[in-house]
Structures are given as structure tokens and as C-alpha cells.
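Below is one structure; the comments refer to it alone.
Atoms considered below: every heavy atom in the structure, side chains included; atoms not considered: hydrogens, waters and symmetry mates. Chain letters run A, B, ... following the sequence lines, proteins first and then strands; every chain starts at 1. The structure presented is a predicted model; accordingly, all values stated were derived computationally and were not measured.
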Number of protein chains: 2
Amino acid sequence: MRKTFLFMDTVLNKVDAKGRVSLPADYRAIVKETGSEIVCYRSLSSPCIEGCLEDLLDKLATQMEDSLDFFSATQDDLTNLVFGDAKRYPFDSTGRVMLSEKLLKHAQITDSAVFVGKGRKFQIWNPENWEKEEKRIREQVLKVRPSLKEAGRES
Amino acid sequence: MRKTFLFMDTVLNKVDAKGRVSLPADYRAIVKETGSEIVCYRSLSSPCIEGCLEDLLDKLATQMEDSLDFFSATQDDLTNLVFGDAKRYPFDSTGRVMLSEKLLKHAQITDSAVFVGKGRKFQIWNPENWEKEEKRIREQVLKVRPSLKEAGRES
DNA sequence: TGGTATAACATGGGAAAACATGGGAATCAA
DNA sequence: TTGATTCCCATGTTTTCCCATGTTATACCA
């Protein structure tokens with residue numbers, strides 16, 4: 001049994017006429033080994049689908065209930081939004097999930113989708129949108145951490 | 001179980017037609033003994049591949065997970081960049097990994113590659129590029145710390 | 001010390017398994 | 001019945017696994 005569970009890498013897969021997409025094999029392995037389930041919801045900040053293990057949302061719920069006055073009201077609202085939107089997405093024997101119309105529309109996904117690892121979460125993007133977004137992020141990160149541009153011998 | 005795990009030394013290996021490279025035996029030993037896995041990604045600052053143990057990234061993911069900041073925007077950008085690019089690279093029974101096109105291209109590696117230890121991380125370079133880089137680093141060090149020029153007898 | 005036996009390693013190639021993806025049949029709901 | 005969803009089979013491709021070989025490094029013995 002492995003010690004760590006991280007959603008990683010960037011994988012481009014097709015979405016067929018029925019709205020099915022192959023979940024990257026690495027992601028499936030994580031689901032099987034944890035015994036948890038994939039949960040997806042519309043990202044609050046970007047035109048993409050966000051996904052994670054149900055375990056993580058459970059952890060979030062626990063954090064909220066354990067520190068009510070600790071959290072801001074907005075954090076509370078955001079959490080509500082996520083839970084209101086989230087839904088389980090099991091995959092079939094060939095490893096595919098069927099994404100809902102709502103999710104696909106929000107992410108502007110039609111015939112192909114890019115899975116982007118985020119550690120404990122992942123995102124699903126329209127390929128062109130992700131290309132732009134990645135570029136934006138790279139520029140943003142270099143702006144915030146200009147040391148990387150130069151020598152960046154350490155990080 | 002050993003106490004310390006350091007990627008060290010500089011090793012030149014061939015990259016075959018399938019994109020396979022032997023991971024230096026010392027590195028393999030570290031992976032086995034830690035029970036972790038090799039993870040590689042494009043260096044943010046240099047034209048080379050960077051690698052480390054999955055444990056290291058897992059630590060990062062845990063920090064974010066526990067930061068009570070499920071919806072932070074800056075965190076979002078950083079995690080996308082790091083985890084979106086990283087990927088596990090398990091090695092087969094003969095000790096080889098299969099580097100992706102993306103990584104090889106970024107590091108301009110074609111038929112041979114140099115592994116350079118960096119402690120908790122390591123880098124994989126195109127041999128010519130590494131030669132130049134090493135020279136650059138040595139000169140840089142002497143410029144910053146001229147005292148080394150006198151004393152620094154090396155083998 | 002020198003020389004040889006032994007083990008570890010890097011590397012090539014081919015066989016087997018895993019994967020993404022298309023399509024059809026069975027199942028269910030409105 | 002119509003439309004949607006689930007399940008299963010088929011296929012081409014990629015990736016993984018395993019065997020074979022030559023080379024290098026290490027251990028051992030005289």
C-alpha cells in the first residue's frame with residue numbers, strides 16, 4: 001500500500017458523444033487504493049470543473065464544524081456553495097466517468113478535456129482555456145517570485 | 001532503515017529509442033528504502049528536469065490541506081503549476097524510467113542524459129548544457145567568494 | 001599485489017499487459 | 001416509446017514487463 005496520494009500531471013482525453021471521459025489511470029488507482037470516491041463540482045473561481053476525493057470534503061466539513069467562530073462568514077458561504085454543487089462521479093469498468101451537462105457547460109468543454117493535477121484536488125479544463133490559464137499562472141508566479149526567473153537555484 | 005537520503009554524484013546514462021533511461025543505482029536504493037516514488041517535473045528556472053521523492057510533494061500538499069484556506073487564490077496558482085507538471089516515474093525491474101516527451105523537450109535531451117545530485121532533489125540535464133552550467137556555477141561561486149580560489153584544493 | 005571469479009549495472013529488444021476510445025446491447029425512467 | 005444511463009465487448013496504441021547480453025565494478029584468493 002502506498003503512502004501518498006497526489007493528483008498530478010496534465011492529461012488530455014476525449015469526451016465522446018455520450019459525454020464520457022476516461023479518468024486518467026493514475027487517478028483511478030488513487031480512488032481504488034483509498035476506497036474513496038471522486039467528487040466533482042464547478043470551480044468557484046475559474047471556468048473549470050474541480051474534483052477531489054470525497055474524503056477531502058469530509059475533512060473540510062469537519063474543519064468547519066470544529067471551528068465555527070474561527071472561520072469567516074464568507075468561507076462558510078463558499079463551503080455551502082461547494083457542497084450544494086458537489087456530486088459523486090463513479091467510473092465504469094473501462095475507467096470512464098459521465099460528466100453532467102452542468103459541469104461541462106461551466107467549463108466550456110465539448111469534445112476534449114484536460115485533467116490538471118493539484119495535489120489533493122484536480123481540475124478539468126477545456127484545452128484552449130487551460131493553455132491560456134497555464135500561461136497566465138507562469139507569468140504570475142514569476143512576477144510574485146522573480147527570484148525564479150534569475151538564478152532560482154533554490155525554491 | 002537508513003537515516004539520511006541524499007541524491008548525490010553526477011552520472012551520465014543513455015536514453016534509448018523508447019525514451020528510457022537507467023536511474024542511477026544509488027537513486028534506486030533510496031526509493032526502495034524510503035518506500036516512496038520518484039517524481040519529476042520541468043525545472044522552473046533552468047532547461048532541465050527536476051526530480052525528488054513523492055514524499056516531498058506530499059508534505060507540500062498536506063500543508064495546503066491543513067492551512068484552513070480551502071479557497072485561496074494564490075495557493076491555487078502555485079499548486080496548479082507544481083502538481084500539474086509533476087508526475088510519478090516508477091522504474092522497471094532493470095531500473096529504468098520512461099521520461100515523457102514534454103520533459104525531454106524541455107531539457108533538450110535526445111540520446112543521453114546527466115543525473116546531477118542536489119540533496120533532496122536531483123536534476124537531469126542534456127550533457128552539453130550541464131557542462132556549461134557547471135562551469136557557470138563554478139565561476140559564479142568564485143566571483144562571490146574569491147577566498148575559495150586560494151584555499152579550495154579539490155580532486 | 002596481481003589476477004581471477006562474482007556480482008551489479010547499463011542497455012537492447014521482444015512479449016505481454018494496460019489504456020483510451022468507439023460502438024452496441026441491456027436497463028431504467030418519464 | 002423515447003431518451004438517457006449503465007454495462008460489456010472490440011480495437012489500436014502505448015506502456016510496462018521480462019529476458020538476454022556486454023560491460024564495469026567489487027570481492028576474493030593465491
Closest of dA20(C), dT11(C), dT6(D) to the Ser22(A) side chain is dA20(C)
Minimal heavy-atom distance between Leu57(B) and Phe83(B), with the atoms involved, is O-CZ, 3.7 Å
Taken to the nearest whole Å, CG/Leu12(A) to P/dT13(D) is 18 Å
Q.
Do the side chains of Arg42(B) and Glu101(B) get close enough for a salt bridge, i.e. N-O under 4.0 angstrom?
A. no
On a heavy-atom basis, the closest approach of Glu54(B) and Ser36(B) is N-OG, 3.3 Å
Identify the pairs formed between an N or O of the protein and an N or O of nucleotides 24-30 of chain C at a distance under 3.5 Å, and give each distance.
unit_1, atom_1, unit_2, atom_2, d
dG24(C), O6, Lys18(A), NZ, 2.2

Is any side-chain N or O of Arg28(A) closer than 4.0 Å to OP1 or OP2 of dA20(C)?
yes
Of the candidates dA10(C), dA20(C), dG22(C), the side chain of Lys14(A) sits closest to dG22(C)
Leu23(B) atom CG is separated from dA8(C) atom P, nearest whole Å, by 18 Å
Atom CG of Asp111(A) and atom P of dG22(C) are separated, to the nearest Å, by 10 Å
Are there more than 12 heavy atoms of other residues, nucleotides or ligands under 6.0 Å from atom CD of Glu131(B)? no
Looking only at heavy atoms, the pair that brings Tyr27(B) and Asp9(B) closest together is OH-O, 4.0 Å
Practice item. Would you classify Pro90(A) as touching base, sugar-phosphate or nothing, given that sugar-phosphate means primed atoms plus P, OP1 and OP2, and contacts are heavy atoms under 4.0 Å? Key: nothing
Below 3.5 Å between N/O atoms, which protein atoms pair up with nucleotides 19-28 of chain D? Just atom names and distances, please.
none

- Query: Does Lys121(A) come within less than 4.0 Å of Glu50(A), counting only side-chain N to carboxylate O?
  - Reply: yes
Does Lys105(B) have more than 12 heavy atoms from other residues, nucleotides or ligands lying within 6.0 Å of its NZ? no
Between CG of Asn13(A) and P of dA20(C) the distance, given in whole Å, is 6 Å
Separation of dA20(C) atom C1' from Asp16(A) atom CG, nearest Å, is 11 Å
Leu99(B) atom CG is separated from dT16(D) atom C1', nearest whole Å, by 15 Å
